[in-house]
S.K.: 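Okay, here's the structure, questions in a sec.
The residues of the chain are indexed from 1 along the displayed sequence.
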Amino acid sequence: MARPLITILIALLLSLLLLVVNVNQRQKTQYLEGVKGEKTGNFMVALTGYESAIRMYLPFSSRVETAAARIWALAEAAEQRGDLDQALAAYRSLRSAFYGVRWLRQPGADWISRCDKKIAALVPLRKGNRP
């Protein structure tokens with residue numbers, strides 16, 4: 001009786017390990033796409049890559065926090081250039097990336113709060129600039 005139980009536990013642990021390795025590799029690939037997009041000046045490729053890296057959430061992964069910081073930097077740079085549409089797209093992307101992740105608690109709650117404040121401040125400015 002103990003032998004089948006041990007076999008099942010080993011299979012479950014192996015499956016979990018393979019899942020974590022797969023998600024980690026996919027997260028790395030998406031993060032590097034974001035870096036590539038940022039280096040080539042392609043805002044949407046960078047934004048999409050970093051957002052996808054966040055959505056491939058693994059607890060304790062440093063790439064999630066780094067990707068969030070890169071999206072924030074892209075948003076702030078767009079804001080400083082006066083491109084409120086790009087800034088809003090980045091803040092909304094960052095917020096939605098974390099809303100799309102589920103864990104024991106809401107990951108990125110501080111990022112979500114910061115994005116909510118920025119979006120609330122920028123939306124009226126964007127509407128005010130349009131005829």
S.K.: Classify the side-chain pair Gln30/Tyr50 by whether it contains a donor and acceptor separated by less than 3.5 Å.
M.R.: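 Side chains of Gln30 and Tyr50: no pair found under 3.5 Å.
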S.K.: Does Phe60 share a hydrophobic cluster with Tyr57, counting links as ILVMFWY side-chain heavy atoms below 4.5 Å and allowing steps through other members?
M.R.: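 No, it is not one cluster - the side chains of Phe60 and Tyr57 are not joined through contacts under 4.5 Å.
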S.K.: Within the side chain of Thr66, is there an N or O that forms a donor-acceptor pair under 3.5 Å with the backbone of Ser62?
M.R.: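 Yes, the answer is positive, given that a donor and an acceptor are paired below the 3.5 Å cut-off.
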S.K.: Side chains of Leu74 and Glu38: does their closest heavy-atom pair fall under 4.5 Å?
M.R.: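 Side chain of Leu74 against side chain of Glu38, heavy atoms only: contact under 4.5 Å found.
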S.K.: For Ser96, what residues pass the side chain to side chain contact (heavy atoms under 4.5 Å, CB included) criterion, not counting sequence neighbours?
M.R.: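 By the side chain to side chain contact (heavy atoms under 4.5 Å, CB included) rule, Ser96 matches Glu51, Arg55.
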S.K.: Please report the interatomic distance CH2(Trp72) to OG(Ser93), rounded to the nearest 0.5 Å.
M.R.: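 Answer for the CH2-OG pair, Trp72 versus Ser93, is 13.0 Å.
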S.K.: Less than 3.5 Å apart, which donor and acceptor atoms pair up between the side chains of residues 10-24 and the rest of the protein, not counting sequence neighbours?
M.R.:
{"residue": "Ser15", "atom": "OG", "partner": "Ala11", "partner atom": "O", "Å": "2.9"}
{"residue": "Asn24", "atom": "OD1", "partner": "Arg63", "partner atom": "NH1", "Å": "3.1"}

S.K.: Looking at NZ of Lys117 and SG of Cys115, how far apart are the two atoms once the value is rounded to the nearest 0.5 Å?
M.R.: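 The SG atom of Cys115 is 11.0 Å from NZ of Lys117, to the nearest 0.5 Å.
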S.K.: Go through the structure and list residues passing side chain to side chain contact (heavy atoms under 4.5 Å, CB included) with Gln106, not counting sequence neighbours.
M.R.: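 Phe98, Tyr99, Arg102, Ile112.
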S.K.: Considering residues at least two apart in sequence or located in another chain, which fulfil the ring pair (Phe, Tyr, Trp, His ring centres under 6.0 Å) criterion with Phe43?
M.R.: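 Phe43 satisfies ring pair (Phe, Tyr, Trp, His ring centres under 6.0 Å) with no residue once adjacent residues are dropped.
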S.K.: With heavy-atom distances below 4.5 Å as the criterion, would you say the side chains of Val45 and Lys36 are in contact?
M.R.: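 Not touching, per the 4.5 Å side-chain cut-off.
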S.K.: Can you tell me how far apart CG (Leu47) and CD (Glu33) are? Round to the nearest 0.5 Å.
M.R.: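 Leu47 atom CG to Glu33 atom CD measures 13.5 Å (nearest 0.5 Å).
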S.K.: Just wondering, do Arg114 and Tyr91 contact through their side chains at under 4.5 Å, heavy atoms?
M.R.: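 Result no, sub-4.5 Å side-chain heavy-atom pair not found.
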S.K.: Between Ala87 and Ala75, which heavy-atom pair has the shortest distance, and what is it?
M.R.: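 Ala87 and Ala75 have their closest heavy atoms at CB-O, 3.5 Å.
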S.K.: State yes or no: do Leu32 and Met56 share one hydrophobic cluster built from I, L, V, M, F, W and Y residues joined by side-chain heavy-atom distances below 4.5 Å, directly or via other members?
M.R.: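 They do not share one cluster, since no chain of ILVMFWY contacts under 4.5 Å joins Leu32 to Met56.
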S.K.: Residues in side chain to side chain donor-acceptor pair (under 3.5 Å) with Gln25, at least two apart?
M.R.: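 Scan of Gln25 (side chain to side chain donor-acceptor pair (under 3.5 Å), adjacent residues dropped) gives none.
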S.K.: Find out whether Val64 and Gln27 are in side-chain contact, i.e. whether some heavy atom of one side chain is under 4.5 Å from a heavy atom of the other.
M.R.: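 A side-chain contact exists here, since the closest heavy-atom pair is under 4.5 Å.
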S.K.: In chain order, what residues pass the side chain to side chain contact (heavy atoms under 4.5 Å, CB included) check against Arg81, with sequence neighbours excluded?
M.R.: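 Result, side chain to side chain contact (heavy atoms under 4.5 Å, CB included) vs Arg81: Ala77, Ala78, Asp83, Gln86.
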S.K.: Could you tell me if the side chain of Leu84 sits less than 4.5 Å from the side chain of Val123, heavy atoms only?
M.R.: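 Of all side-chain heavy-atom pairs linking Leu84 with Val123, none is under 4.5 Å.
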S.K.: Compare all side-chain heavy atoms of Ile71 with those of Trp111 and state whether any distance is below 4.5 angstrom.
M.R.: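 A side-chain contact is absent here, since even the closest heavy-atom pair is not under 4.5 Å.
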